[in-house]
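Reckoned from all heavy atoms, side chains included, excluding hydrogens, waters and symmetry mates. Numbering of residues begins at 1 and proceeds along the displayed sequence.
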Amino acid sequence: AARLAALTTNAGGTTTVTGGTVDAATHTYSDTLTLGANATFSGTTASFGGAIDGGGFDLTLDLTGVTTVSGATFTNVNNFASGGGGTTNLSGTITTAGSQTYDDAVVLTADTTLVSTGNQAIALNGTVDATAAGGQSLTVNTTGTTTFGGAVGATTALSALTTNAGGTTTIDGGSVTTTGAQSYGDDVVLGANTTLTSTGGQAIAFGGTVNAAAVDGQSLTVDTTGATTFGGAVGNAARLAALTTNAGGTTTVNGGSVN
């Protein structure tokens with residue numbers, strides 16, 4: 001009934017959590033953490049010095065401070081969620097069988113790839129930024145729905161952003177800023193007026209269709225002096241309010257129609 005001030009395990013060995021909820025202001029796990037049931041860790045901060053083995057269960061990190069997740073030590077998790085109002089630092093390849101949900105701000109501390117092998121939703125509902133401008137990239141691989149709920153790279157630009165073919169990418173945060181390229185392999189839906197910017201004048205490419213969430217409801221601006229490519233139809237399902245590309249560079253329309 002009363003939260004612990006701190007919970008610490010030493011290096012070496014294994015800690016197995018089967019109780020469902022672990023509530024401590026500060027979590028420090030220096031050994032391998034294994035889940036024996038769906039588990040929620042709540043409090044302020046958590047440090048995982050060893051591996052996280054999900055055992056096929058769900059993992060929720062509900063922390064108000066900084067949460068750090070490294071793909072190099074993150075395995076066998078079904079659904080993963082991170083929230084609580086703090087910041088989640090990500091690095092490496094983070095793979096789940098099910099969904100991934102990031103409700104707090106995300107900071108990339110190294111190049112990061114998010115993968116759902118079960119092709120479930122991957123939602124980044126807060127902002128996404130690099131640690132250093134142009135220093136870290138983000139790749140999202142799922143044939144489910146990818147959602148960017150907040151601005152991407154608005155504070156610190158990513159080096160590149162890539163989503164794979166299949167599924168849908170919904171951009172609700174209004175802007176995506178990278179120093180390098182942006183490549184959207186799947187269909188894109190604009191949930192807000194959206195500006196895509198490559199400050200380094202690199203390519204911005206859409207492999208699938210681009211549509212508004214509501215007819216005439218959302219606009220798209222592409223700002224790069226590199227190549228802009230529309231590989232699929234634009235506005236074929238829901239017409240955009242406006243489409244603007246900047247001066248400089250080239251725009252190639254391969255999808256047959258822009259509406």
Would you check if there is a donor-acceptor pair between the side chains of [Y] and [X] at a distance under 3.5 Å?
| X | Y | value |
| --- | --- | --- |
| Asn211 | Asn236 | yes |
| Gln182 | Thr178 | yes |
| Thr15 | Asp31 | yes |

Between the side chain of [X] and the main-chain N/O of [Y], is any donor-acceptor distance below 3.5 Å?
| X | Y | value |
| --- | --- | --- |
| Thr224 | Gln202 | yes |
| Thr45 | Gly43 | no |
| Asn119 | Thr143 | yes |
| Ser116 | Gly98 | yes |
| Asn193 | Ser219 | yes |
| Asn38 | Asp58 | yes |
| Gln120 | Asn79 | no |
| Asn259 | Gly235 | yes |
| Thr88 | Ser82 | no |

Do [X] and [Y] share a hydrophobic cluster (ILVMFWY, side-chain heavy atoms under 4.5 Å, transitive)?
| X | Y | answer |
| --- | --- | --- |
| Leu124 | Val189 | no |
| Tyr102 | Val107 | no |
| Val258 | Leu196 | yes |
| Val69 | Leu108 | yes |
| Ile52 | Val17 | yes |

| query | What is the ring orientation for Phe48 with Phe41, classed by angle as parallel under 30°, tilted 30 to 60°, or perpendicular over 60°? | reply |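 Perpendicular.
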| query | Relative to each other, are the rings of Phe230 and Phe206 parallel, tilted or perpendicular (30° and 60° limits)? | reply |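 The arrangement is parallel - the two ring planes meet at less than 30°.
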[X] [atom1] to [Y] [atom2] distance, which is reported to the nearest 0.5 Å:
| X | Y | atom1 | atom2 | value |
| --- | --- | --- | --- | --- |
| Ser159 | Gln136 | OG | CD | 7.0 Å |
| Thr162 | Tyr184 | OG1 | OH | 9.0 Å |
| Thr96 | Ile122 | OG1 | CD1 | 6.0 Å |
| Leu243 | Gln218 | CG | CD | 13.5 Å |
| Thr195 | Leu220 | OG1 | CG | 7.5 Å |
| Leu35 | Thr18 | CG | OG1 | 10.0 Å |

| field | Pairwise side-chain contact, Leu90 with Leu114, heavy-atom cut-off 4.5 Å (strictly under) | value |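 Heavy-atom side-chain distance check passes, below 4.5 Å.
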| Qualifying residue, where the test is side chain to side chain donor-acceptor pair (under 3.5 Å) with Asp53 and the options are Thr16, Asn76, Thr34 |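 One option only clears the test, and that one is Asn76.
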| field | Candidates Thr146, Thr142, Thr169, Thr209 - the one meeting side chain to side chain donor-acceptor pair (under 3.5 Å) with Asp186 | value |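 The residue from Thr146, Thr142, Thr169, Thr209 that satisfies side chain to side chain donor-acceptor pair (under 3.5 Å) with Asp186 turns out to be Thr169.
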